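Take a look at the structure below.
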Amino acid sequence: VPTEPRGPLVLAASSLQQPLEELAEQWTAAGNDPPQFSFASSAALARQIENGSAGDIFISADRQWTDYLTKAGNIAPSEVVAIAGNTLVVAAPAGPTPPSLQTLAQANRIVTGDTQAVPLGRYAKEALTAANLWDSTEPKIINAASARGALVKLARGEVDAGILYTSDAQGVETIAATPIPRESHSPIVYMAVKLPASAHPDTDGFLGFIASPEAVKVFDRYGFIRP
Amino acid sequence: MSFDIQITKRLGDCTVECVMQSDAQLVALVGPSGQGKSSVLNCIAGLIRPDSGHIIVGGHTLFDAKRQIDIPTKLRGCGYVFQENRLFPHLTVEQNLRYGDNRNSEPAQHTLAEITDLLNICALLDRKPATLSGGEQRRVAIGRALMSNPSIVLLDEPLTSLDRDRGETILTIVDQLRRETDTPIMYVTHQMAEIERLACPTFTLS
Amino acid sequence: MSFDIQITKRLGDCTVECVMQSDAQLVALVGPSGQGKSSVLNCIAGLIRPDSGHIIVGGHTLFDAKRQIDIPTKLRGCGYVFQENRLFPHLTVEQNLRYGDNRNSEPAQHTLAEITDLLNICALLDRKPATLSGGEQRRVAIGRALMSNPSIVLLDEPLTSLDRDRGETILTIVDQLRRETDTPIMYVTHQMAEIERLACPTFTLS
Amino acid sequence: MTAPLSSAEWEIIALSLQVSIFAIGLALPVAYGIAWLLARRRFPGRFILDGVVHLPLILPPVVTGYVLLLLFGRNGPIGGVLDDVFGISLTFSWLGAALAGAVMALPLMVRAIRLSIEAVDQKLINAAKTLGASRWRAFATITLPLSLPGILAGTVLGFARSIGEFGATITFVSNIAGETRTLPLAIYNALQIPGTDIQVARLAILSVLLSLGALLLSEWLVRRSDRDSAHVV
Amino acid sequence: MTAPLSSAEWEIIALSLQVSIFAIGLALPVAYGIAWLLARRRFPGRFILDGVVHLPLILPPVVTGYVLLLLFGRNGPIGGVLDDVFGISLTFSWLGAALAGAVMALPLMVRAIRLSIEAVDQKLINAAKTLGASRWRAFATITLPLSLPGILAGTVLGFARSIGEFGATITFVSNIAGETRTLPLAIYNALQIPGTDIQVARLAILSVLLSLGALLLSEWLVRRSDRDSAHVV
Ligand SMILES: Nc1ncnc2c1ncn2[C@@H]1O[C@H](COP(=O)(O)OP(=O)(O)OP(=O)(O)O)[C@@H](O)[C@H]1O
Ligand SMILES: Nc1ncnc2c1ncn2[C@@H]1O[C@H](COP(=O)(O)OP(=O)(O)OP(=O)(O)O)[C@@H](O)[C@H]1O
Ligand code: MOO
Ligand SMILES: [Mg+2]
Ligand SMILES: [Mg+2]
């Protein structure tokens with residue numbers, strides 16, 4: 001079977017699927033071989049890399065796994081590139097009053113990512129703690145398996161309020177969202193790492209492309225911010 | 001009339017036909033192997049639906065194609081000793097014997113003790129059918145049918161696998177049933193000796 | 001000596017004992033129901049392992065507890081007509097008949113055509129056993145055993161479910177087997193008439 | 001495992017058992033009924049029923065969970081009624097987790113039970129009818145006990161499946177400690193965090209032990225019911 | 001579904017079929033062997049084998065995928081050998097997806113087949129032996145054909161399970177279009193993007209159609225083999 005020429009293999013967190021696919025189209029349109037993607041959870045991808053599966057670039061929303069891999073793989077911090085950032089919103093089913101951290105405190109059920117396992121949940125916990133609301137809200141928190149899972153529960157009206165990524169909440173008509181101050185939690189940064197096993201000649205080129213100013217415009221359109 | 005039967009039934013390539021009218025309480029049904037004797041019993045028991053005709057036994061119309069009568073098996077009251085026993089494999093001998101013993105409110109014709117004693121199966125009551133010899137299974141099958149207070153008795157070669165003494169016991173039971181009740185009995189066999197011993201009208205399928 | 005058997009076997013609560021020494025090629029085994037006749041055949045076929053004793057048939061030692069001999073069933077060459085037929089339900093009659101027909105290189109004693117003709121089962125060859133009448137199944141079981149070029153023939157009440165003519169045919173076949181081959185044959189029955197007809201030594205289990 | 005179980009682990013085990021036992025209790029009668037229909041009755045829509053039963057096996061578990069959310073969520077057609085009329089809410093409750101487990105276990109149970117029902121000889125049922133048994137009595141005394149091997153096999157499969165159920169559960173009822181965080185959800189949580197291999201292994205071993213207990217029990221039950229026919233040749 | 005299938009959808013279907021058919025082809029002989037051992041032989045370690053076979057059912061799929069990754073990854077004990085000696089790499093390859101599907105399908109197949117083998121009457125096998133059949137011939141001509149209902153049921157269950165397999169696959173072989181992105185992984189991808197409900201529904205319906213095809217085929221095969229005994233009373 002004649003195989004088409006392929007670009008680098010990019011193992012990326014599922015939440016970046018849309019902007020990355022759009023960037024890949026631009027990259028291919030510019031005459032490069034199309035990169036291959038694998039979208040899964042950061043944990044799944046990190047374990048595949050750790051167990052010797054080949055791959056060129058790892059892009060994660062989860063600081064823990066990036067740190068873990070760079071340490072285990074002896075990757076210099078300079079090989080880690082921040083490509084995008086995100087912010088949080090308080091969200092609630094669309095209604096007369098816009099949601100806020102204060103109305104959130106009155107809700108019966110608050111959805112967000114799992115506060116231990118999912119990055120969204122960990123950031124949300126920091127934000128709630130900073131607002132002195134963690135102790136009162138903790139018993140009411142519904143831990144979703146992913147940021148996307150939290151969004152679905154809120155959009156379907158199963159919960160009264162939630163904390164979501166701005167990139168997820170934007171453009172969903174059934175919910176209203178209010179930004180949460182960035183200072184109330186650690187910065188949310190998506191990091192790309194060139195993997196030690198990478199042998200693909202285009203790896204550096206593609207890494208450079210997704211960290212470029214043109215790429216920022218794409219990320220921006222999907223609700224992400226400059227890192 | 002005890003038996004007023006006139007049926008046809010197509011089975012695969014062959015057609016079973018039976019015409020039988022008799023006032024006798026006990027009749028024998030004979031005929032070469034594969035002629036349809038078991039099929040006739042199955043029709044009487046309601047397990048096969050004849051293509052046409054009628055079945056009237058002991059004055060009760062069990063089936064009539066024209067009049068659209070077809071009494072369900074469970075109401076026909078047959079004590080049917082199947083050619084291949086059909087004991088319930090998961091039940092003990094005692095549970096098999098008692099399976100039909102509560103089907104009607106009439107006083108039991110036979111108690112468990114009587115039947116097991118007569119059939120010489122007292123020692124087997126707690127065993128499962130799979131561990132019984134061929135003749136032991138046969139006797140349990142006969143016991144099960146008799147215990148069920150039947151209003152019709154259908155015996156498909158009942159003496160299969162039985163030695164002479166035990167065969168004689170069964171024949172005595174049949175005789176007694178004839179003398180002491182008015183239950184119609186149909187007896188399928190290949191042995192002339194049995195028919196002579198029972199001295200009953202014989203119908204031949206052909 | 002055709003049969004030199006001396007075995008004991010405990011089955012549940014009862015002990016089966018059989019002592020038999022005979023030069024006759026054909027012997028009958030009789031005894032009341034549940035006495036152990038089928039169990040003796042199973043021991044000869046190698047399906048039950050006796051607790052003690054020996055089994056020598058046609059000069060071949062099939063089992064000897066003391067000498068630790070226990071020939072596997074598949075090598076004993078038995079043409080065994082089981083009391084309960086044991087036809088293979090997923091195979092056609094023809095496939096059942098042919099199941100054992102290639103077991104040794106000796107010229108076939110019977111061809112399929114001969115057997116089906118004799119047993120009057122030509123029309124059944126493509127049918128599955130479940131659709132056969134009791135006597136039809138019996139004849140197929142007999143045919144299957146005979147087709148397998150057996151070096152020992154074991155017949156457990158072979159005439160069950162057969163009418164007189166067909167029974168007579170089977171007896172003729174047995175007779176012929178005795179005259180034309182030296183295959184040892186053990187014949188279990190409850191019918192004195194059959195023993196008289198075959199005129200063979202009779203052993204009674206008790 | 002050197003350390004004894006932590007109280008958090010005990011809590012997870014108790015919850016998993018509660019959810020799975022409830023799930024199987026819920027699924028078993030339904031599975032038996034469907035298996036019986038599929039084995040013994042020809043009716044229009046039979047093939048559709050057969051297909052629908054297989055859906056939770058065919059669809060990725062998250063999709064099944066999503067469908068459950070659509071149907072049984074507070075705004076769903078069934079969940080809305082449950083909430084309004086009975087005040088029962090399945091989302092975010094262990095009852096919902098049990099429902100998810102039951103739904104995921106159903107196709108496995110139906111198949112195993114159906115195989116056993118189909119193996120029951122119709123001739124025995126006919127014999128029971130000649131002895132005066134109603135359809136119902138013939139079922140209860142013949143079909144049901146003779147299909148016991150399938151019931152046991154289905155229960156073991158279903159229990160193991162529901163002990164291991166993750167995708168549908170987390171999608172439908174989320175991951176709430178003490179309420180819906182069963183063993184697989186706790187394992188998933190631990191897997192998301194680097195350096196938790198020992199914790200993952202402990203929880204996985206606990207899952208396995210629970211299911212092996214059920215397996216052992218079923219094997220023992222089968223052997224007990226087989227005892228008598230051991231010597232038939 | 002108004003629009004015909006896109007070429008991307010065709011690619012996903014073809015890959016899913018390839019993976020699942022390969023998975024079942026791989027699992028079926030293994031499942032039959034294990035089922036036969038469990039049904040017919042008593043040996044030390046029997047219960048352990050029984051337990052191990054159930055593991056992929058008990059453990060959450062992501063754990064099974066992780067264990068596969070540990071064993072068959074390029075640095076794993078088996079994967080290392082495969083890579084060094086044969087140059088085969090399972091991670092990131094459709095072969096690995098088939099392995100994951102096979103492992104997940106195995107317990108379902110073993111159970112169904114085992115039920116059917118246990119229902120085969122030992123008396124028939126003994127009859128075959130008296131007719132000179134070796135153990136192997138008795139197996140091939142009696143046990144194997146009589147356990148066909150279990151083989152068919154196991155194949156349907158296993159095929160459906162492997163068509164729906166998500167957690168173990170994504171964990172073991174990742175999610176690469178054209179190589180490991182089977183239907184459930186494509187559904188997962190679509191679920192990550194807002195406003196893709198129609199796409200999700202289309203893919204889910206395709207999964208269902210594939211499995212229903214297998215189901216229909218198996219029902220037809222069963223009915224064909226039952227034809228003769230339809231009239232036995
Ligand atoms: N597994 C078992 N457990 C207990 N008892 C058994 C078992 N198998 C056989 N038996 C007993 O062994 C005895 C011999 O059985 P066998 O089938 O050999 O008798 P038989 O002489 O062939 O009788 P029949 O003429 O009725 O066929 C019977 O009493 C039977 O109940
Ligand atoms: N499902 C079927 N398909 C084809 N033929 C059948 C079917 N069922 C029965 N038959 C045929 O119907 C005929 C009557 O069978 P039945 O069992 O009534 O005979 P029988 O008189 O009882 O014979 P036997 O004395 O051998 O028991 C047989 O020739 C049998 O082959
Ligand atoms: O296949 Mo799952 O979604 O990991 O239970
Ligand atoms: Mg008959
Ligand atoms: Mg016997």
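Letters A, B, ... are given to chains in the order of the sequence lines, protein chains preceding strands, and every chain is numbered from 1. Since we're looking at a predicted model, the values are computed, not measured.
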Requested in this report: State, yes or no, whether a side-chain contact exists between C:S33 and B:S133 at a heavy-atom distance under 4.5 Å.
Outcome: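 C:S33 vs B:S133: side chains touch.
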Query raised in the report: Got a sec: does the CZ of B:R10 have more than 12 other heavy atoms crowding it under 6.0 Å?
Result: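 Counting other residues, nucleotides and ligands, CZ of B:R10 exceeds 12 neighbours.
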Query - Option passing side chain to side chain donor-acceptor pair (under 3.5 Å) with B:S161 (candidates C:Q83, C:K37, C:E84) - result: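 Result for side chain to side chain donor-acceptor pair (under 3.5 Å) with B:S161: C:Q83.
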Query raised in the report: Do any of residues 136-159 of chain C come closer than 4.5 Å to chain B, heavy atom to heavy atom, and if so which ones, in number order?
Result: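 Contacts with chain B: C:E136, C:R139, C:E157.
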Below 4.5 Å, heavy-atom pairs only: which of [options] has the largest tally toward chain B?
options                      : result
C:G135, C:A193, C:G36, C:P32 : C:P32
C:D13, C:D163, C:D165        : C:D163
C:L162, C:L132, C:T160       : C:L162

